[in-house]
2 protein chains.
Amino acid sequence: MTGTARRYHHGDLRAALISTGYDLLAEHGLAAFSVARVARELEISTASPYRHFPDRDHLLAAVATRAAEELAAEVERAVDAAGPDPVDRFAATGGAYVRFAAVRGAGFNVIFAAELRGLHDEALSAAGRGLMDRLLDLARAAVGGDTERSLWLLEQQVALAHGYVALLADGFFVRPHQTVDHLARQATEAGRTLARGLA
Amino acid sequence: MTGTARRYHHGDLRAALISTGYDLLAEHGLAAFSVARVARELEISTASPYRHFPDRDHLLAAVATRAAEELAAEVERAVDAAGPDPVDRFAATGGAYVRFAAVRGAGFNVIFAAELRGLHDEALSAAGRGLMDRLLDLARAAVGGDTERSLWLLEQQVALAHGYVALLADGFFVRPHQTVDHLARQATEAGRTLARGLA
DNA sequence: GTCTATAAATAGATAGAC
DNA sequence: GTCTATCTATTTATAGAC
């Protein structure tokens with residue numbers, strides 16, 4: 001991908017900017033994300049993106065929105081594959097987070113970044129809210145319906161999943177046998193422990 | 001602190017650079033961290049820091065080392081205060097992480113940042129290793145001595161603690177009643193659940 | 001060991017031509 | 001809607017005076 005000419009904005013530069021920004025984030029991290037670099041990657045002028053986004057942060061928010069939507073899709077896939085047991089279904093979301101982050105890197109962090117909160121971007125807020133609502137549903141089913149316990153469990157699980165993602169991103173705890181699948185299983189297992197602890 | 005003139009490098013600019021960088025990180029985040037800005041804050045020239053650190057990353061590593069040492073001290077305080085039960089002592093480390101991160105902000109993330117791993121800074125590596133060794137000891141005591149289970153628990157607990165710190169940093173899940181103390185208690189409680197799950 | 005001065009990148013953003 | 005050209009700000013890092 002990197003270094004390859006793309007120039008594929010056949011009438012839809014906006015979409016190309018998001019797509020390229022998304023890949024850039026995954027491959028080189030947030031520090032490397034800039035309007036200038038996205039433009040360079042697409043072989044367009046640095047001025048062109050500003051016809052589609054008012055500033056850097058709004059482009060980043062659009063990228064984050066796409067990341068949130070794809071994370072939600074990954075969660076859905078994992079839940080479907082987990083079978084009928086509510087605790088299994090809930091626990092599977094942790095594994096989905098880990099797998100998503102392994103592929104998309106910093107694209108994950110940007111979804112909930114405080115840096116973008118102040119923008120009050122409606123699409124991004126909605127995507128994040130949708131994901132949390134879904135997780136809360138799954139938590140509620142896992143603990144048997146109690147709302148207070150559901151919220152506790154949701155909070156613990158989100159923390160746990162974010163934590164595994166952080167360890168993965170920092171290259172922490174990477175002993176030879178710790179592949180992504182291993183980490184995803186560990187996250188799933190820990191989520192199961194938490195769910196049982198509150199059920 | 002911010003905006004106040006300091007110029008307190010009475011013969012020890014190196015220490016002043018670390019101290020100011022540490023505060024800068026806590027107050028304005030990693031994105032705001034730069035050699036130039038630390039120098040500006042101290043009212044010295046931008047060239048002076050390079051007499052004490054070869055480049056930006058080595059200064060940042062020194063700051064991270066200090067953060068790691070202070071986190072370790074916070075953990076020790078929490079463990080001491082937790083009483084004699086091994087599960088309580090282990091669980092208390094999660095609360096210590098949260099309280100430390102609440103005060104030091106991005107100073108926390110930098111301790112384990114992949115960005116600095118490549119430097120192979122001996123002091124930073126040693127500080128991180130010391131902390132993990134201590135947590136592993138506590139985990140081992142909590143599960144009753146088994147090494148394999150201790151490693152699992154350590155991994156789960158570090159993930160959990162990092163996750164709560166991430167939620168705190170992103171201003172996530174901050175409903176009115178969720179003070180730092182509340183979050184620290186939640187992290188402690190979740191750690192207890194994990195320890196019991198593996199004990 | 002600290003300073004002034006400066007070089008070389010890079011980024012964000014805008015004006016105005018086409 | 002895209003380009004060229006440009007401005008401003010910022011950073012990392014070095015050279016050389018004191």
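Chain naming here is simple, since letters A, B, ... match the order of the sequence lines and numbering starts at 1 in each.
Counting only heavy atoms from C-beta outward, the side chains of A:Arg14 and A:Phe53 approach each other to under 4.5 Å. At a threshold of 4.5 Å between non-hydrogen side-chain atoms, the residues A:Val79 and A:Arg134 count as touching. In this structure, the side chains of A:Leu59 and A:Phe33 come closer than 4.5 Å at one or more pairs of heavy atoms.
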Q: Walk me through it: do A:His182 and A:Gln186 pass the test side chain to side chain contact (heavy atoms under 4.5 Å, CB included)?
A: CA-CA 6 Å; A:His182 168 83; A:Gln186 287 285 98; 3.6 Å; yes
Q: Show the numbers, then the answer: is there a salt bridge (Lys or Arg N to Asp or Glu O under 4.0 Å) between A:Glu189 and A:Arg192?
A: CA-CA 5 Å; A:Glu189 195 49 51; A:Arg192 207 189 310 272; 3.5 Å; yes
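Contacts with DNA chain C (heavy atom under 4.0 Å) in residues 47-60 of chain A: A:Ala47, A:Tyr50, A:Asp55, A:Arg56, listed by number.
Atom CG of B:Leu13 is separated from atom C1' of C:dT2 by 9 Å (rounded to the nearest Å). Atom CG of B:Asp12 and atom P of C:dG1 are 10 Å apart (whole Å). Going from atom CD of B:Glu41 over to atom C1' of D:dT11 covers 16 Å, rounded to whole Å. Between the CG atom of B:Leu42 and the P atom of C:dG1 there is a distance of 16 Å, rounded to whole Å. As rounded to whole Å, 13 Å separates atom P of D:dT11 from atom NE2 of B:His28.
Counting any heavy atom pair closer than 4.0 Å across all strands shown, A:Arg14 reaches no nucleic acid atom.
Along DNA chain C, the nucleotide closest to A:Ser34 and the one closest to B:Thr46 are compared, and the more 5′ of them pairs with B:Thr46.
Evaluation of the salt bridge (Lys or Arg N to Asp or Glu O under 4.0 Å) test over residues 103-113 of chain B, restricted to residues two or more places apart or in two chains, returns B:Asp23-B:Arg104.
Note on A:Arg40: every side-chain N or O is 4.0 Å or more away from OP1 and OP2 of C:dT10.
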